Amino acid sequence: MERPRLFHVSEDADIDRFEPRPAPSPDAGVEGLAVWAVAESHLANYLLPRDCPRICFRAGPRTTTGDRDRFLAGAAPVVAFEATWLARVQAASLALYEMPPATFAEALPEAGYWISRVAVTPMSMRPVERPLEALVAAGAEVRVLQDFWPLCDAVAGSSLEFSIIRKRNAIPRGL
C-alpha cells in the first residue's frame, strides 16, 4: 500500500520533534501513546485552530443520493464551524508540518488518521496565515453556523463520512 502524504497541524510553529502522546479524546479509536498525522485527503479537517468545534463531512461509498443532495449540493468536502469562532479562525496562525511516512500506520481510514508509536522529526513546516483560504485551497466548502447542533445531529444520522471534532467546545445546546 502506497502511503499518502501525511501532515500535522499545530498552532505551535516551533516543534522540532513530535513525541508520542495519549489520544486527544476517548472516542479517537486509538489506545496508547502515538504521534498523530492526517492524510492529505483529510487535511482540510484540521486547518482550523485546535479547539475550534467543527463538523467535517464528505460523500463516501455508502452515501445515499438523498444525503448527497441534502448535505453536499455538489460540495466535497464540507467543513462547518460556529460563527462565534469566525474571528479566532481569521486571526489564527497555524503551522503545517509534513511528516515522514516511514513509521506511520493507518489508524482510522475514514478519518484519515495515521499514527506512529515512535517519536517523529517533521520533514518540513509551512506557516498557514489564512486558514479560511487554506481550507478553500484544500478543496473544502466552508460553512459558518449560527447553531452547531442541528447540523451535527443531522450529519451524525446520515450516510455521509464525517468527523465531528472538539464538539465539547461548541456552545451548549439551547443557548
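Treat the numbers as computed from the prediction; the structure is a model and nothing was measured. Worth knowing before you read on, the calculation uses all heavy atoms, side chains too, and leaves out hydrogens, waters and symmetry mates.
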Passing option when Leu151 is tested against Val78, Ile55, Ile164 for side-chain contact (heavy atoms from CB on, under 4.5 Å): Ile55

Is the [atom1] atom of [X] crowded by more than 12 outside heavy atoms at less than 6.0 Å?
X      : atom1 : result
Arg173 : CZ    : yes
Asp69  : CG    : yes
Gln90  : CD    : yes
Arg50  : CZ    : no
Arg168 : CZ    : yes

Rounded to the nearest 0.5 Å, what's the gap from [atom1] on [X] to [atom2] on [Y]? Could you check?
X      : Y      : atom1 : atom2 : answer
Leu33  : Arg117 : CG    : CZ    : 7.5 Å
Leu135 : Leu43  : CG    : CG    : 8.5 Å
Glu98  : Arg126 : CD    : CZ    : 9.5 Å
Glu110 : Arg62  : CD    : CZ    : 8.5 Å
Leu72  : Glu141 : CG    : CD    : 8.5 Å
Leu48  : Arg166 : CG    : CZ    : 11.5 Å

Minimum heavy-atom distance between [X] and [Y], given as atom pair plus value:
X      : Y     : value
Ala13  : Ala95 : CA-CB, 3.7 Å
Arg68  : Gly60 : NH2-O, 4.0 Å
Glu82  : Pro53 : OE1-CG, 3.6 Å
Val89  : Cys52 : CG2-SG, 4.2 Å
Pro20  : Val35 : N-CG2, 3.6 Å
Gly139 : Pro77 : O-CD, 3.4 Å

Is [Y] reachable from [X] through a run of I, L, V, M, F, W or Y residues, each pair having side-chain heavy atoms under 4.5 Å apart?
X      : Y      : value
Trp85  : Val142 : yes
Trp36  : Trp114 : no
Tyr46  : Leu6   : no
Val9   : Val128 : yes
Val120 : Ile115 : no

Using a 4.5 Å cut-off on heavy atoms from C-beta on, say whether the side chain of [Y] contacts that of [X].
X      : Y      : value
Thr121 : Pro100 : no
Leu94  : Glu11  : yes
Phe81  : Val144 : yes
Pro122 : His8   : no

Check: [X] side chain, [Y] main-chain N or O, donor-acceptor pair, under 3.5 Å:
X      : Y      : result
Arg54  : Asn45  : yes
Trp149 : Ile171 : yes
Thr63  : Ser159 : yes

Tyr97 and Phe18 aromatic centres sub-6.0 Å: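 Yes, the ring centres sit under 6.0 Å apart.
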
Plane angle bin for Phe71 and Phe57 - parallel if under 30°, tilted between 30 and 60°, otherwise perpendicular: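 Ring orientation of Phe57 relative to Phe71: perpendicular.
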
Short N-O contact, Glu19 and Arg21, less than 4.0 angstrom: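 No.
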
